[in-house]
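The sequence lines fix the lettering, A, B, ..., with proteins before strands; numbering per chain opens at 1.
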2 protein chains.
Amino acid sequence: MKRHIYNCSEGCPVESTLQIISGKWKSVILYHLIRQEVCRFSELQKSMPNCSRRMLSLQLSELEQDKIISKKIYPVIPPKTEYRLTKLGKTLEPIIIEMEKWGRMYNSTH
Amino acid sequence: MKRHIYNCSEGCPVESTLQIISGKWKSVILYHLIRQEVCRFSELQKSMPNCSRRMLSLQLSELEQDKIISKKIYPVIPPKTEYRLTKLGKTLEPIIIEMEKWGRMYNSTH
DNA sequence: CAGCATCCCCCCAGATACTG
DNA sequence: CAGTATCTGGGGGGATGCTG
């Protein structure tokens, strides 16, 4: 619930961005939601084996609070939920794409 | 010293990038080193009032270990050091630029 | 000025168990 | 299946003091 507070008042725009995406797994979640527009909870879980269920849940709910992703709950048993990027969330794509590109480059040279 | 280990083996390139820049203040440091090519320790400190001296020092040394920044020490009294991006560090620019752009957009609409 | 060493507290996040 | 609730320990990070 509580997050680190960056001092955005000094006018470093990067800090505002960090406020939103600096959670340990958030950019990974965004990465998967870019590649696959709609994801279920269990699909994300499989894609991120090192992220516990609890952490995944927390990160998702913060992203939802910040209107970066939206959640659709189907009232069925067993439960079914779907996550996808909001319009605002989609504006984060360029950042994730650049991170992805850099990661590929880095992996191929190290 | 110890950092969170992302499981990059599964082929999510974003995790490789996080391994390098996910430190709490790293992208802010990079932001300042992009705007001002050469920075002294105290200059960075002034630019990041919410980051303690200890933390700044730790983050800088990790970035240096990862060859993202380089450090030049002048053997004078009082001490003087200068930090700048390495060639590898400069390849992170597109990510930081996108983060900066997004932060500005977000600030202007929220 | 640019750090490192130490102390110490708080809270993050893992493990586990439970539920609609 | 998709989460919550609770407990717990270890470490992240602040505060402070010291040094070349």
Task: B/Tyr31 ring center near B/Trp25 ring center (under 6.0 Å) - done: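 Between B/Tyr31 and B/Trp25, the centre distance exceeds or equals 6.0 Å.
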Task: Student check: side-chain heavy atoms of B/Leu60 and B/Lys26 closer than 4.5 Å - done: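 Not in contact.
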Task: 4.5 Å side-chain heavy-atom contact, A/Thr17 and B/Tyr106 - done: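 Side chain of A/Thr17 against side chain of B/Tyr106, heavy atoms only: no contact under 4.5 Å found.
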Can you tell me how far [atom2] of [N] sits from [atom1] of [X], to the nearest Å?
X       : N      : atom1 : atom2 : result
A/Glu62 : C/dA13 : CD    : P     : 10 Å
A/Lys26 : C/dA13 : NZ    : C1'   : 15 Å
A/Glu43 : D/dA2  : CD    : C1'   : 13 Å
A/Leu56 : C/dA13 : CG    : P     : 13 Å
A/Met55 : D/dA2  : CE    : C1'   : 17 Å
A/Lys72 : D/dA2  : NZ    : C1'   : 17 Å
B/Tyr74 : C/dC1  : OH    : P     : 17 Å
B/Gln45 : D/dA15 : CD    : P     : 13 Å

Task: Under-4.0 Å salt bridge between B/Glu43 and B/Arg40 - done: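 No, this pair does not count.
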Task: Sidechain N-carboxylate O distance under 4.0 Å for B/Glu82, B/Lys71 - done: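 Looking at B/Glu82 and B/Lys71, the cut-off is not met.
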Open item on the list: Taking the nucleotide of DNA chain D with the nearest heavy atom to each, does A/Thr81 or B/Pro78 sit closer to the 5' end?
Closed with: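 Its nearest nucleotide being more 5', the pick is A/Thr81.
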Has [X] got a side-chain N or O lying under 4.0 Å from the OP1 or OP2 atom of [N]?
X       : N      : value
B/Ser52 : D/dG13 : no
A/Ser57 : D/dA2  : no
A/Lys71 : D/dG3  : yes
B/Lys80 : C/dA2  : no

Task: Residue met sooner reading DNA chain C from 5', once A/Cys51 and B/Arg53 are mapped to nucleotides - done: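 In this pair, the answer is B/Arg53.
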TODO: Pick base, sugar-phosphate or nothing for B/Tyr83, based on heavy-atom distances below 4.0 Å to the nucleic acid.
DONE: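 Since only primed, P, OP1 and OP2 atoms lie under 4.0 Å of B/Tyr83, the category is sugar-phosphate.
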TODO: Pick base, sugar-phosphate or nothing for B/Arg54, based on heavy-atom distances below 4.0 Å to the nucleic acid.
DONE: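 If one applies the 4.0 Å heavy-atom cut-off, B/Arg54 turns out to touch a base.
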Open item on the list: By nearest atom, which of the nucleotides D/dA2, C/dC1, D/dG14 is closest to the B/Lys24 side chain?
Closed with: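 The answer is D/dG14, which lies nearest to the side chain.
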Open item on the list: What's the closest nucleotide to the side chain of A/Pro79 if the choices are C/dA13, C/dG20, C/dA2?
Closed with: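 So the nucleotide nearest the side chain must be C/dG20.
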TODO: Pull out every stem in DNA chain D, meaning runs of 3 or more consecutive Watson-Crick or G-U wobble pairs with both distances under 3.5 Å.
DONE: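 Counting only runs of 3 or more consecutive pairs, the stems involving DNA chain D are C:1-20 with D:1-20.
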Open item on the list: Which label fits B/Phe41 and B/Tyr83: parallel for a plane angle under 30°, tilted from 30 to 60°, or perpendicular past 60°?
Closed with: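 Tilted, since the angle between the ring planes falls between 30° and 60°.
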Open item on the list: Would you compute the distance between atom CG of A/Asn50 and atom SG of B/Cys12 and round it to the nearest 0.5 angstrom?
Closed with: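 A/Asn50 CG to B/Cys12 SG: 11.0 Å, rounded to 0.5 Å.
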- [ ] Nearest 0.5 Å please: distance from the OG atom of B/Ser27 over to the CE atom of B/Met99.
- [x]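 The distance works out to 4.0 Å.
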